[in-house]
Protein chains: 2
Amino acid sequence: MMKTDFKTIDFYKDQLIFIDQVKLPLVEEYISTDNYERIAEAIEKLEIRGAPAIGIAAAYALALSMKNVKDNFTPIFEKAYQRLHSTRPTAVNLFWALEQMRSAFLSSCSKPDNIYLVLLQRAKEIHLDDINKCKEIGRHGLSIFNKRSVVLTHCNAGQLATGGSGTALSVIKQAYEHGFVEYVFADETRPLFQGSRLTAFELEKANIPFAINTDSMSGFLMQQKKIDLVVTGADRIAVNGDTANKIGTYNLAVLCKYHNIPFYIAAPTSTIDKNCLSGKSIKIEFRDKNEVIQFNGTAITKNSYEVYSPAFDVTPAELISGIITEIGLFKPSFDFSNV
Amino acid sequence: MMKTDFKTIDFYKDQLIFIDQVKLPLVEEYISTDNYERIAEAIEKLEIRGAPAIGIAAAYALALSMKNVKDNFTPIFEKAYQRLHSTRPTAVNLFWALEQMRSAFLSSCSKPDNIYLVLLQRAKEIHLDDINKCKEIGRHGLSIFNKRSVVLTHCNAGQLATGGSGTALSVIKQAYEHGFVEYVFADETRPLFQGSRLTAFELEKANIPFAINTDSMSGFLMQQKKIDLVVTGADRIAVNGDTANKIGTYNLAVLCKYHNIPFYIAAPTSTIDKNCLSGKSIKIEFRDKNEVIQFNGTAITKNSYEVYSPAFDVTPAELISGIITEIGLFKPSFDFSNV
């Protein structure tokens, strides 16, 4: 059994409780709040991160924005909606969850006494739904293994990124339980070290043997035939299968192609953006230079230097061996227009 | 003109003076010593790094090992030789320089009063020779440009890595002076940040416009058609052209192949190891896990986690568009058996 003695997001006594992912794995600290602004900040500061987890937290935040409201519901709801909408530009699950909450809000406007409870109920459904989706993603992921394998992953697409057991890491964890995973290499994932901090933390909790490598070592590992397959999460998937994920994912996909190593994406179908027919229309977030030239406030190099820091890249569908979702494994060529 | 108002290695009043590259670019601090053991430590601790610079420093160190010796020359020389030989396993220039110094030692053994001065003279020749080679590498590198270009480089193959103006950075600097370089992207180069610290420092000194990117962003830059060519240095080149260089170089070479971007190596011919017919016989150094999981003594993640940390990788010759040396630009297929 998995030892998952931590919670990414929980809701208890009208408060959202979340683990502070900035401090992991050195400190396991939980933050409890009923203030949607604090949750918006947590998303911006990456205390809560990972596309599905962001969506769930934003849903609870919108519910909490109505907690003590007695009148003037619509402008207060819309203000909170806009605030949460502006936190992260790439995670489509965020916008999906916000839309779900807006529908719930609109349908309950006629019974204002109930709005908070109706929205809270919807947020809990979104959360529970994600828990189930994570399980199903892991189950469908079993089919990508044809032997005991060494897997490389990038960033963190685990329990910490979702409401449940993760996407890519759900696949890895379930496959490990079934004897299909021998060892995991975790890209450290610059600039924010989600791999060496968060994925390592989860693999440790799950008792799966692993090593951390810098992102620059992935080619060497493949050249040495140490990697059987790569699986990562996704932040946004276009209708044609082009996939936005943490910067560096595209490097891995190209390296996999060159070394003839399967490259898989694992994500819930809510990650599919029907408005994006291809990756060309995915807007890429650029992040602050300090993430690259400082560590924990300590300078790595001079603050005056220019930094180019896209948060995501887009892997074209032709480099993807398969996309593992809660409704099954999709193989190329991809067409998600009816999913 | 280049503003190169710093010195990597200098010899003055019977002392080796070197800039402490661990502290750059935040602090420009010089260390002065006549103790070969201190120089061996500087090479191990990467205060002095870069294959040609290591060779020059080791040559001066061997000369200094004889400075105050009155008798018993051979065992003292051999002890110093072995100590310096054990500092870094991959940089072939180190072994080449040590052999040069041993030849000078053997030829001067009959006149023991003179040994220090003979060895010092040989070390200075090796240093001067490197200065000239760097200039010639830069000059021959001009031929790889057919337009004003944006160049990406990895690690630091500059003045800080050599006795002169560098290898890859000599190419970039001379090309910039000739109007062939518009902009430079510097891979930060995990784990030790030689790109964001040292290459950035040199580009700043040379007034060349640049930005730092994490190693994981190189594919995105190429996909966005922002890179015209890549040029890096080398730590060891096999007779067939297979090239060992800082970990991450191989990732770049594969990405260049996929994006149809020229990938060049710049290095003096002393980097060619005639004992290595192909990259398969190049021994790869593995480095301490703390370089990956700590920054400046501050923990990034848990110390108990396993880390896989090769210092170098080997780029096969078929991915290399050309190797720029002091005697000219070599194009594939490479055969350095008579160079």
Side-chain angles (χ1 to χ4, degrees), chain A residues 24-26 154 185-191 193 196-197 200-201 203-204 209-224 226 246-255 257-259 284 289 292-293 295-296 298-302 304-310 312-314 316, chain B residues 24-26 154 185-191 193 196-197 200-201 203-204 209-224 226 246-255 257-259 284 289 292-293 295-296 298-302 304-310 312-314 316:
Chain A
L24 283 177
L26 301 168
H154 190 70
F185 282 97
D187 269 3
E188 66 172 5
T189 316
R190 282 285 289 155
F193 298 111
S196 57
R197 296 191 303 104
F201 175 76
L203 291 168
E204 177 193 22
F210 71 95
I212 296 160
N213 55 275
T214 69
D215 306 329
S216 57
M217 293 165 189
S218 49
F220 181 82
L221 282 166
M222 292 181 193
Q223 189 188 40
Q224 302 286 312
K226 288 189 188 294
K246 181 59 55 198
I247 190 73
T249 304
Y250 175 63
N251 284 23
L252 280 181
V254 171
L255 287 161
K257 180 82 173 176
Y258 184 76
H259 294 90
I284 299 295
K289 63 157 47 174
V292 173
I293 60 175
F295 173 70
N296 258 7
T298 303
I300 294 167
T301 190
K302 283 192 195 171
S304 56
Y305 294 162
E306 287 293 314
V307 175
Y308 183 83
S309 189
F312 301 97
D313 55 30
V314 176
Chain B
L24 284 177
L26 301 168
H154 190 70
F185 283 97
D187 269 3
E188 66 171 5
T189 315
R190 284 284 290 155
F193 299 110
S196 58
R197 296 191 304 106
F201 175 77
L203 292 168
E204 177 192 22
F210 72 94
I212 296 160
N213 56 274
T214 68
D215 307 327
S216 57
M217 293 166 189
S218 49
F220 182 81
L221 282 164
M222 294 182 192
Q223 189 188 42
Q224 302 285 311
K226 288 190 187 294
K246 181 59 54 197
I247 190 73
T249 304
Y250 174 64
N251 283 23
L252 281 180
V254 171
L255 287 161
K257 180 81 173 178
Y258 185 76
H259 294 91
I284 298 295
K289 63 156 49 175
V292 173
I293 59 175
F295 173 70
N296 257 8
T298 304
I300 294 168
T301 189
K302 283 193 195 171
S304 56
Y305 294 162
E306 286 293 315
V307 175
Y308 183 83
S309 188
F312 302 97
D313 55 31
V314 176

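Letters A, B, ... mirror the listed sequences (proteins, then strands); counts begin at 1.
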Verdict with reasoning, B/Ile284 to B/Asp313, per side chain to side chain contact (heavy atoms under 4.5 Å, CB included): CA-CA 7 Å; B/Ile284 298 295; B/Asp313 55 31; 5.8 Å; no

Flag the one option from [options] with the top tally of heavy-atom pairs under 4.5 Å to chain A.
options                      : result
B/Phe210, B/Phe201, B/Phe295 : B/Phe295
B/Thr298, B/Val292, B/Leu255 : B/Leu255
B/Met222, B/Arg197, B/Gln223 : B/Gln223
B/Ile247, B/Asp215, B/Thr214 : B/Ile247

Under 4.5 Å from any heavy atom of chain A - which part of B/Phe185: side chain

Interface moiety of B/Phe193 toward chain A, non-hydrogen atoms closer than 4.5 Å: side chain

Residues A/Phe312, B/Phe220; criterion ring pair (Phe, Tyr, Trp, His ring centres under 6.0 Å); working and verdict: CA-CA 9 Å; A/Phe312 301 97; B/Phe220 182 81; over 10 Å; no

Minimum-distance pair of heavy atoms, taken over all atoms of B/His154 and B/Asp187: ND1-OD2, 2.7 Å

Partner set under ring pair (Phe, Tyr, Trp, His ring centres under 6.0 Å) for B/Tyr258, not counting sequence neighbours: none

Side chain, backbone, both or neither of A/Leu203 within contact of chain B (heavy atoms, under 4.5 Å): neither

Toward chain B, the part of A/Leu252 with a non-hydrogen atom under 4.5 Å: neither

4.5 Å side-chain heavy-atom contact, B/Met217 and A/Ser309: yes

A/Lys226 atom NZ: more than 12 heavy-atom contacts under 6.0 Å: no

Among the listed options A/Leu221, A/Asn296, A/Ile293, the residue most often paired with chain B at heavy-atom distances under 4.5 Å: A/Leu221

For chain B, the option from A/Ile300, A/Val254, A/Asn213 that forms the most heavy-atom pairs under 4.5 Å: A/Ile300

NZ on A/Lys302 to CD1 on B/Ile212, rounded to 0.5 Å: 11.0 Å

